[in-house]
Structures are given as structure tokens and as C-alpha cells.
Amino acid sequence: MTSSNTNTIPNVPFTLNKYHVSEEYGFLLPLPRTDLPEYYQPWMKIARNLTDLIEAHTLRNEVNKLPLLDPGYLQGHRELRLARMALSFITMGYVWQEGEHGIVKTLPRNLAIPYCALSRLLGLPPILVHADGALSNWKKKNPSGPMEIENLDLIVCLPGGDSFKGFFLVTLLVELAAVPGIKAMAAVINAVLECDDRSLKRALEDLASSIQSMTEALKQMHAHVDPATFYGMIRIFLSGWRDNSSMPEGLVYEGVQEDPLQYSGGSAAQSSVLHCFDELLGVRHGKDSAAFLSRMRDYMPSSHKQLVLDISAGPSLRHYVLDVGKPELMGAFNGCVAQLVALRNYHIVVVSRFITVPAARVRERRSRAEPSAEILTRAPSSLEERGTGGSGVMSFLKSVRDTTKEAAIPWDGNKTPTA
């Protein structure tokens with residue numbers, strides 16, 4: 001949030017409604033559609049059978065036989081999101097069906113043309129993003145049951161079995177754990193606008209509690225995802241064609257543009273939640289990390305990106321807390337920063353187990369030229385130590401963790417704080 005008096009958040013109660021953010025589901029798409037009208041069944045038939053088609057090495061043949069369908073008959077936001085999600089998953093399977101050594105350079109026109117048209121309508125790039133895999137790819141097994149992992153399933157899957165499902169469902173639960181924090185964020189903004197310190201303290205405490213719940217939800221990754229399966233099988237299907245040595249030129253979208261286009265793969269950095277919390281708390285990341293995070297905002301639904309931008313341009317929470325100088329507000333503010341640091345620390349632990357350690361094992365086997373049928377050996381060498389979004393994953397995560405620490409207000413509980 002900016003320290004300027006000029007901001008885009010008006011002096012009226014701030015609400016999340018215009019950003020298409022739900023008080024029940026947060027950034028998740030509420031109750032996604034799970035099927036499309038008959039005309040679009042050729043897309044859904046392939047999307048529902050991606051794993052079998054990829055494992056049989058027949059997905060590309062099936063895609064090449066698809067009719068060129070007109071997305072103009074889709075009705076409503078949920079149908080548009082489902083159609084785009086289905087084509088996103090099909091695209092990733094088509095590109096990576098044969099791994100990093102059997103890559104295609106062109107997406108066929110019968111897939112590329114409707115996919116790019118849908119992506120333009122929704123303001124998203126034509127590649128699988130967090131909003132597809134985590135925010136709109138879910139359904140309840142029992143419609144009246146709870147939003148718990150045992151009662152949740154994915155609409156569309158790629159190879160990886162239960163680990164693939166577990167990865168995206170745990171990610172969904174992290175998003176769901178953020179919902180009280182998202183509501184608290186709106187309450188924080190209103191409290192600052194109204195100079196209501198009692199409400200501000202309560203909202204900051206709710207925000208800290210929500211971030212702590214996000215960390216607890218992330219811990220479920222260990223129970224539901226096998227590291228070898230994630231590293232050796234799943235990651236390549238989430239990879240993009242930017243900052244990827246396997247596809248240095250990018251991908252040609254036939255019938256859309258003659259020159260190849262480059263897009264980053266799916267990344268947790270595409271989640272709007274932490275962007276919002278960073279802006280609210282005044283976290284300022286280093287140049288390279290900030291540039292990557294700024295680029296990732298182009299991979300968010302446009303209304304969610306606008307929320308991030310509006311919070312950034314709004315009144316500064318940190319400066320308000322400093323100006324008021326009340327110990328209870330400084331303590332509550334620093335509590336939020338501490339929980340955000342703890343979440344980022346735990347994310348580093350998860351990435352170490354699911355990426356860094358498996359990468360070291362793969363390098364060791366390759367250096368000894370050991371023949372192995374182990375799933376780890378299928379991992380693409382181009383992704384070693386890199387995130388699917390194209391970042392140097394561990395250095396990036398440590399950088400954003402360290403700059404998050406710097407957002408805390410220096411204060412020992414007795415002396416006057418400094419900015």
C-alpha cells in the first residue's frame with residue numbers, strides 16, 4: 001500500500017464484490033461447471049481421458065482429429081472457465097506428451113484458435129495457469145459435504161495419479177484457508193480509512209490467524225503427494241515455454257500468429273493471495289524477485305490482478321500503524337508479518353523435499369550413468385532447480401522470505417518504533 005494520500009480506494013466501505021472475490025470461496029471459482037454442452041463434447045472427451053491418452057502416446061493423434069469448434073456458443077463465466085481449463089490441460093498434454101525430447105513446436109489450429117479466443121475473452125494467456133489448475137478445477141464428491149480433501153476431486157487430470165490430485169487439492173485448501181484473511185484484508189482497509197483502531201487490531205489478528213491456517217493446510221502436501229512422482233512425472237506438464245531450455249523459441253499457435261510465443265508455466269506466484277497480503281503489509285521485494293512477481297500478475301484473472309493493484313495504490317497500512325504509534329497495533333501488524341515469514345519458510349521446506357532433494361538424486365544417478373526405471377529419471381533436465389514458472393526456485397523463495405522479514409516494524413515493545 002502506498003504512503004501517498006492519493007489512492008484508488010475511495011473513502012467508502014471497501015468491498016470485494018467488484019473483484020469477483022467470494023466471501024465464502026475467496027479467489028476460488030464458486031461451484032465450477034463440470035461439463036459443457038453437447039457441441040463441445042469433443043473437447044471434454046479428450047480432457048477427461050488425458051492420462052490414458054498420454055500414457056498410450058495417442059493424445060496428439062486425437063487432438064489432430066478434433067473439429068475446429070466455435071467458442072461463441074458458450075454461455076456464462078463458468079462455461080468459459082471450464083472450456084478454457086479443458087483446452088489448457090489438453091495443450092499441456094499435447095506439448096509434453098513425449099517429455100522434453102519429443103516436443104512439438106506448433107499447437108495445431110483446431111486447438112490453438114479456440115484456445116486463444118477463450119483466453120482473450122478471460123484476459124488470461126494461452127497456457128495452463130494457477131487459475132485453471134487450482135481455482136476452477138474442483139468439485140465435491142458429495143455436494144452437501146464439507147470442503148475437505150476427502151470430499152474433493154478434480155474435474156480434469158494429467159499423469160501423476162493420486163499425487164497429481166493431491167498437489168492441486170492441497171493447493172486449493174491453501175487458497176480456502178486464506179478466505180478469512182481475504183475478508184480481514186477488506187476490514188483492515190476500511191479500518192484505516194475510518195481511523196478505527198479497535199477494528200484494525202481485530203482485523204490484523206484475523207489476518208495473522210488465516211495466514212497460519214494457510215501454513216497448516218500446506219503441510220498436507222506431504223501426506224498426499226509423492227516427491228518422486230511430483231518431480232519425475234508431474235512437473236513437466238506444468239512447465240511453460242519461456243525461460244525453458246527445452247523450448248528456447250517458444251510455441252507457435254497455428255492460425256493465431258506465425259511467430260512463436262513464450263509463456264511461463266504454472267506457478268504459486270500466480271496466486272493472488274500473497275500478492276494482496278504483500279501489498280497490504282508493505283512488503284517490498286528485491287529487483288529481480290519483484291520483476292518476476294509483477295510478470296506473474298499477467299497470469300491472474302484480470303479482476304484479481306486489479307484488486308492487487310488497487311491495494312498497492314491505496315493508503316499505507318504500515319505508515320498508518322507507525323503514525324498512530326499504538327503498541328497493540330504494532331504488535332498485531334508484526335504478527336501478520338511473522339506469520340507470512342513462517343509460511344514462506346515452510347514453502348521452502350516443501351520445495352526442498354519436492355524439488356531440491358529429488359534433483360540432487362537425479363544428478364547423482366546421471367553422473368554415475370546408472371540405468372534405472374525409477375520415476376525420478378523421467379524428470380526433465382531443463383527443470384532442475386527451477387520452478388515451472390521459470391524462476392530459480394530456491395534463490396527466489398529465500399529472497400522473498402528475507403524481504404518479507406524487513407516489512408516488520410522495528411520495535412522492542414518499549415521504545416518508539418522507526419519506519
Side-chain angles (χ1 to χ4, degrees), residues 28 50-52 54-55 85 88-89 92-93 96 99 128-141 146-178 213-240 265-271 273-274 342-362 365 372-380 383-389 391 393-394 396-397:
L28 297 175
L50 281 173
T51 296
D52 290 343
I54 291 168
E55 292 178 349
M85 182 186 73
S88 294
F89 274 83
M92 303 312 271
W96 299 112
L128 182 73
V129 299
H130 179 81
D132 299 308
L135 302 185
S136 60
N137 187 26
W138 65 275
K139 61 183 178 181
K140 286 185 176 182
K141 297 175 182 177
M147 289 286 287
E148 297 175 357
I149 198 162
E150 293 78 13
N151 191 46
L152 294 170
D153 204 351
L154 299 182
I155 300 167
V156 181
C157 291
L158 284 161
D162 289 340
S163 287
F164 186 91
K165 290 183 179 181
F167 175 74
F168 278 106
L169 290 177
V170 170
T171 302
L172 180 150
L173 292 178
V174 174
E175 290 274 347
L176 200 62
S213 296
M214 292 171 67
T215 304
E216 292 302 313
L218 183 58
K219 291 179 180 180
Q220 296 184 62
M221 197 70 75
H222 301 291
H224 296 284
V225 184
D226 171 60
T229 302
F230 177 77
Y231 188 82
M233 180 178 291
I234 295 172
R235 286 186 80 225
I236 191 170
F237 289 104
L238 310 180
S239 305
S267 169
Q270 295 167 2
S271 169
V273 172
L274 292 188
L343 173 60
R344 285 182 159 139
N345 270 326
Y346 197 77
H347 192 192
I348 290 171
V349 171
V350 171
V351 168
S352 178
R353 183 177 185 222
F354 286 88
I355 296 179
T356 307
V357 172
R361 289 174 59 191
V362 170
R365 281 161 173 73
S372 174
E374 188 179 357
I375 194 170
L376 271 178
T377 60
R378 304 185 201 174
L383 284 181
E384 286 181 5
E385 299 295 345
R386 298 194 71 79
T388 49
S391 65
V393 62
M394 195 56 77
F396 168 75
L397 292 177

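The structure displayed is predicted, hence computed values, not measured ones. If you read the sequence from its start, that first residue is 1, and numbering goes on from there.
Judged by distance alone, the side chain of Gln270 and the main-chain N or O of His130 form a donor-acceptor pair under 3.5 Å. In terms of modelled atom types and a separation under 3.5 Å, the side chain of Asn137 and the main chain of Leu154 share no donor-acceptor contact. Looking only at distances, a side-chain donor or acceptor of Trp96 sits under 3.5 Å from a matching main-chain atom of Ser239.
With rounding to the nearest 0.5 angstrom, the CG atom of Leu173 is 10.5 Å from the CD atom of Glu175. Between Leu169 atom CG and Glu150 atom CD the span is 10.0 Å, to the nearest 0.5 Å. Atom CD1 of Ile348 and atom CD1 of Ile355 lie 12.0 Å apart (nearest 0.5 Å).
Of all heavy-atom pairs between Phe237 and Met233, the closest is CD1-O, 3.3 Å. Ile54 and Pro159 get closest at one heavy-atom pair: CD1-CD, 3.6 Å. When every heavy atom of Ser352 is checked against every heavy atom of Pro358, the shortest pair comes out as O-CD, 4.0 Å. Summarising the geometry of Ser88 relative to Asp132, their closest heavy-atom pair is OG-OD2, 3.4 Å, with the distance given to 0.1 Å. Counting all heavy atoms, side chain and backbone alike, Met214 lies closest to Val174 at CG-O, 3.7 Å. When all heavy atoms of Val273 and Ala178 are compared, the closest pair comes out as CG1-CB, 3.7 Å.
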Problem - Working for side chain to side chain contact (heavy atoms under 4.5 Å, CB included), residues Met147 and Leu152 - result: CA-CA 7 Å; Met147 289 286 287; Leu152 294 170; 3.9 Å; yes
Exercise for the section: Please report the C-alpha distance between Ile234 and Leu158 in whole Å, then the side-chain angles of each, then the deciding distance to 0.1 Å, and finally whether the side chain to side chain contact (heavy atoms under 4.5 Å, CB included) criterion is met. Expected result: CA-CA 8 Å; Ile234 295 172; Leu158 284 161; over 6 Å; no
Problem - Pair Phe354-Met221, side chain to side chain contact (heavy atoms under 4.5 Å, CB included): steps then yes or no - result: CA-CA 10 Å; Phe354 286 88; Met221 197 70 75; 3.9 Å; yes
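The closest side-chain heavy-atom distance from Leu50 to Cys157 is not below 4.5 Å. Gln220 is not listed as a side-chain neighbour of Val225, based on a closest heavy-atom distance of 4.5 Å or more. Side-chain contact between Met394 and Thr356 is present, with heavy atoms from C-beta onward closer than 4.5 Å. Residues Phe168 and Leu238 form a side-chain contact, since some pair of their non-hydrogen atoms from C-beta on lies under 4.5 Å apart. For the pair Met92 and Ile236, the minimum side-chain heavy-atom distance is 4.5 Å or more.
Taking the six-membered ring for Trp and thresholds of 30 and 60 degrees, Phe230 and Phe167 have ring planes inclined between 30 and 60 degrees apart.
Taking the side chain to side chain donor-acceptor pair (under 3.5 Å) definition, one finds that Asn151 meets it with nothing, sequence neighbours left out. The side chain to side chain donor-acceptor pair (under 3.5 Å) check on Ser163 picks up nothing, with sequence neighbours excluded. Scanning for side-chain contact (heavy atoms from CB on, under 4.5 Å) contacts around Asp153 gives Lys139, Lys141, Lys165, with sequence neighbours left out.
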